[in-house]
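FYI, side chains are in, hydrogens and waters are out, and symmetry mates aren't considered; it's all heavy atoms of this structure. This structure is a prediction, so every number in the text was calculated from the model and none was measured.
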Amino acid sequence: MKKKCNLFLSAKRLLLSKTLYHLCVKVYHPRGTDNGAKISLQLLFCSQGKVSLKLPCFFLTLGQNEKEEGECSMPLIAQSCLDAIKRHVSIADVVAPYVQLRPAGRYLKGLSPFSHEKTPSFFIDPQRNTFKCFSSGYAGDSFRFLELKEQLSFSESVEWICERFHIPLEYESHAQTSRVQKTVSLKKQLLAVYEQAAAFFQQYFWVENETAKQVRAYWQETRHFQLETAQTFGIGFAPIDGSLYPFLLQKGFSRDCLAQSGLFYTTKSLHVSLMPRFQGRLMIPIADVQGRTIAFSGRQLPFLAVSNDPTHESKYVNSPETPLFVKGHELFHLSQARQCLGKNDVFYLVEGQLDVMRCWECGLKTAVAPQGTGLTEEQLKILKRYDAPIIGLFDGDEAGCKAGIRLMTLGIPLEIPLRYFLLEPEEDPDTALLQNPQRATEIAAHALSPIDFLIQAFRRNGCDPETIQRHTLQTLFSILSNCTSAVLRFELMQQCAQAFHLPPSALEADWKRFQRNTGSHWANQPETVPSPNPAPSLEEQMLRFWLCVPQWSQVIVEQISFDWLDPSCVAGRLLMRMLDEFRENGKEALENRERWRLSPEEENCWCQCLANPPPSENERESLTLLLQQFYRRFLKKRISELDKTILNHSLEDIEVLQQRQKERLQYKQALAHVATAICLPKSL
């Protein structure tokens, strides 16, 4: 197709500004038939002289001489690399950090990592290495999962899997090493930066010099932590000599990359070294759910003062948000805690990183903490995927009580089972467990229900019994107004009625009055039932067949025609591209999705079809029926078009009219013999 339709447009020669033009072009497919396909091209020329084309890309190929100046084509991942991933990496291992999977027949199932849901609708097929999420509609392979979950491109997801599972990353032979280096994603570069920075800080923590000895003494004698804990959590020390910047430059990282890492304060001058953000601090690495370092938290060391550090008086200095790190989306220690989570275990939610480490030393291996900000709904959704209760273990002061109420406010609408262990007002988990490590065994057994926690929290503020009841009911009603579960709402109302010795009917009356006053409507709304998925189009069925049963590719190419396909749908446009690519470059061109440069809509369609294979009882029969449906639809469409032409045709040109009637008769005869016209070989 590229050889027969190669349209060159030079936007630089056009001095148009923000004007929309429509161009109708008749393009003939390479089979040489008389039937062309008319398409509408929308050309949008902006003031900078760039051109935007709204059309299926198989109809148009821009000339190489029209590329942006300095543009460099992306090197393609080698097919051998993709094959190695498919052979050695299970999608279950890729998904495991995000979803708690349980067997369900031949499948594995869990709560959706893409949306909030009550019952598991996320399924993995280990045999085909695909996933299907019925709540969000997403589906695909391991690469697609990472594209959606980590916001990666296809090549970045391949890089991620290769790095995680120790598979050599290979590019096609024509891609030179220098070009590969230029196209490495920013996220991958930043991950490498943080990996080197973590090793750098840890080296300075364990080195044998006076400063490092003071740091280790502070860790052991002042904070009373074990050195084994420092090794487990990767604790480090940021020196005050500014040596991190030259160290990372020597490792091959660019100044621009380091400026975006969050490890340095940026300066306007390109000739001035970047100033380290962390100097003379105890360094606590923050890892993502896969265990990769993505940020740091630096704690002030009282025996060190840094004169040129603008934040030297701050107790903690945390990494800013970067392309790797969003504070409200990460939980400290989750990568290790999820691996320690047993069938009947719980998550312990604490406020600080040192609280997590103290819990770890005392046997509470599943403790996690928010990252430098208040608890967020996104963090609780992450914990909900592991289908485990949460015990709030917060400081005993007023701030800790507020943190507990926030957990309740966000967690109850998500239907997460919650309990609380209330410490004394002067205690926090670090000091409480340091003084009495045996208390760790009592936490789960003596944890309070949300209602009892509210009552105790308001009682600590010195409220009288009447005020405690009023505040508890107001807080509970406010939380329940966002809860869609009638069962959970009933249970909490019953607990509240028992706690205050109130008749349930009186509490129900107060709840209805609260609804009227606040306009809440959740309690009377039925839960929405998702509508069933529409039946797949012929194009989607054919795309499923081609992707999932590739051995029939040659037969499909020989039988199907461009005229049979509908270019107005995504699957139809993809099929046209596949037909064209197959005829020019063979089967191998279809196996590497990276080369297609798919739009998000096309990407989703491709992966949906890949994860929904056609019925496998009789492949030959299924494909025959599908091709017959395509041919029958095409014939009916042509007959309908000829009917309209004949009806509106002038009687003056009787010869043309007779020719149209003859064509209509031929199509009618073909329609009666579709079954004999489409007949596939009995064997490949």
Side-chain angles (χ1 to χ4, degrees), residues 223-225 284 297 299-300 314-316 318 327-328 330-334 337 346-364 366-380 382-383 389-414 416-463 467-468 471-472 474-476 478-479 492 499:
R223 304 303 309 185
H224 303 285
F225 283 108
I284 304 172
S297 180
R299 196 191 191 286
Q300 182 188 64
S314 300
K315 186 176 180 180
Y316 280 96
N318 299 315
K327 294 179 182 179
E330 302 293 340
L331 286 156
F332 179 71
H333 191 241
L334 179 59
V346 300
F347 282 114
Y348 297 91
L349 187 64
V350 298
E351 294 183 72
Q353 294 148 352
L354 295 182
D355 294 331
V356 169
M357 298 180 199
R358 186 66 64 197
C359 288
W360 175 274
E361 286 195 348
C362 295
L364 304 180
T366 56
V368 295
Q371 294 291 3
T373 183
L375 185 67
T376 66
E377 183 179 7
E378 181 64 29
Q379 290 166 336
L380 285 181
I382 294 172
L383 291 179
I390 295 176
I391 293 181
L393 183 58
F394 303 114
D395 296 354
D397 57 10
E398 183 179 355
C401 292
K402 290 181 178 179
I405 295 175
R406 178 165 180 80
L407 169 61
M408 197 180 307
T409 304
L410 298 175
I412 288 178
L414 293 176
I416 300 175
L418 300 177
R419 287 183 291 159
Y420 295 85
F421 188 83
L422 199 59
L423 296 172
E424 295 300 321
E426 68 279 359
E427 290 182 329
D428 59 42
D430 182 16
T431 58
L433 294 177
L434 175 62
Q435 294 172 2
N436 185 5
Q438 297 301 321
R439 293 182 69 180
T441 60
E442 305 172 359
I443 292 176
H446 295 86
L448 303 173
S449 69
I451 301 299
D452 291 336
F453 171 78
L454 282 177
I455 294 173
Q456 294 295 333
F458 291 128
R459 182 172 294 159
R460 282 193 174 180
N461 289 338
C463 299
T467 304
I468 291 174
H471 286 346
T472 301
Q474 288 176 347
T475 303
L476 179 63
S478 178
I479 294 172
L492 291 172

Let me confirm one number: the [atom1]-[atom2] distance from [X] to [Y], rounded to the nearest 0.5 Å.
X	Y	atom1	atom2	result
Leu422	Asp395	CG	CG	11.0 Å
Leu433	Leu423	CG	CG	7.5 Å
Ile382	Leu334	CD1	CG	7.0 Å
Arg459	Gln456	CZ	CD	5.0 Å
Leu454	Ile479	CG	CD1	6.0 Å
Gln379	Phe332	CD	CZ	13.5 Å

For the student: nearest non-hydrogen atoms of [X] and [Y], plus distance:
X	Y	value
Ala440	Leu364	O-CD2, 3.7 Å
Ala337	Val368	CB-CG1, 3.8 Å
Pro370	Val350	CD-O, 3.2 Å
Ser314	Gln300	O-CB, 3.6 Å
Ala367	His333	O-ND1, 2.8 Å

[Y] backbone acceptor or donor facing [X] side chain under 3.5 Å:
X	Y	value
Thr366	Val346	yes
Ser478	Thr475	no
Thr431	Glu427	no
Gln353	Ser297	no
Glu351	Ala369	no
Arg460	Gly396	yes

Note to self: Does Glu398, at its CD atom, have more than 12 non-hydrogen atoms belonging to other residues, nucleotides or ligands within less than 6.0 Å?
What the structure shows: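 It does not: Glu398 CD has 12 such atoms or fewer within range.
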Margin query: When you compare the side chain of Asn318 with that of Gln371, does any pair of heavy atoms fall below 4.5 Å?
Written below: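 They are not in contact (no side-chain heavy atoms under 4.5 Å apart), so the answer is no.
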Notebook entry, point to check: Would a 4.5 Å heavy-atom cut-off, applied to side chains only, mark Ile416 and Leu383 as touching?
Noted result: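 Side chain of Ile416 against side chain of Leu383, heavy atoms only: no contact under 4.5 Å found.
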Item checked: Option passing side chain to side chain contact (heavy atoms under 4.5 Å, CB included) with Leu349 (candidates Ile390, Asp355, Leu393, Ile391) ->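 The option that passes is Ile390.
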Note to self: For Leu354 and Arg299: C-alpha separation, side-chain torsions, deciding distance, then whether side-chain contact (heavy atoms from CB on, under 4.5 Å) applies.
What the structure shows: CA-CA 10 Å; Leu354 295 182; Arg299 196 191 191 286; 3.9 Å; yes
Notebook entry, point to check: Would Met357 and Ile284 satisfy side-chain contact (heavy atoms from CB on, under 4.5 Å), going step by step from the backbone distance to the final call?
Noted result: CA-CA 11 Å; Met357 298 180 199; Ile284 304 172; 3.6 Å; yes
Margin query: Strictly by ring-ring contact (aromatic ring centres under 6.0 Å, His included), give each pair with a member in residues 418-440 just once, sequence neighbours left out.
Written below: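 Listed once each, the pairs are Tyr420-Phe453.
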Checklist line | Pairs where residues 428-438 contributes a residue and the test salt bridge (Lys or Arg N to Asp or Glu O under 4.0 Å) is met, not counting sequence neighbours | finding: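 Listed by first then second residue: Arg223-Asp430, Arg358-Asp430.
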Margin query: Could you walk me through whether Phe458 and Thr467 satisfy the side-chain contact (heavy atoms from CB on, under 4.5 Å) test, starting with their C-alpha distance in whole Å, then the side-chain angles of each, then the deciding distance to 0.1 Å, before giving a yes or no?
Written below: CA-CA 8 Å; Phe458 291 128; Thr467 304; over 6 Å; no
Next item on the list: Would you please name every residue forming a side-chain hydrogen bond (donor to acceptor under 3.5 Å, both in side chains) with Thr409, sequence neighbours left out?
Entry: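 Partners of Thr409 by the side-chain hydrogen bond (donor to acceptor under 3.5 Å, both in side chains) criterion come out as none, since no residue qualifies.
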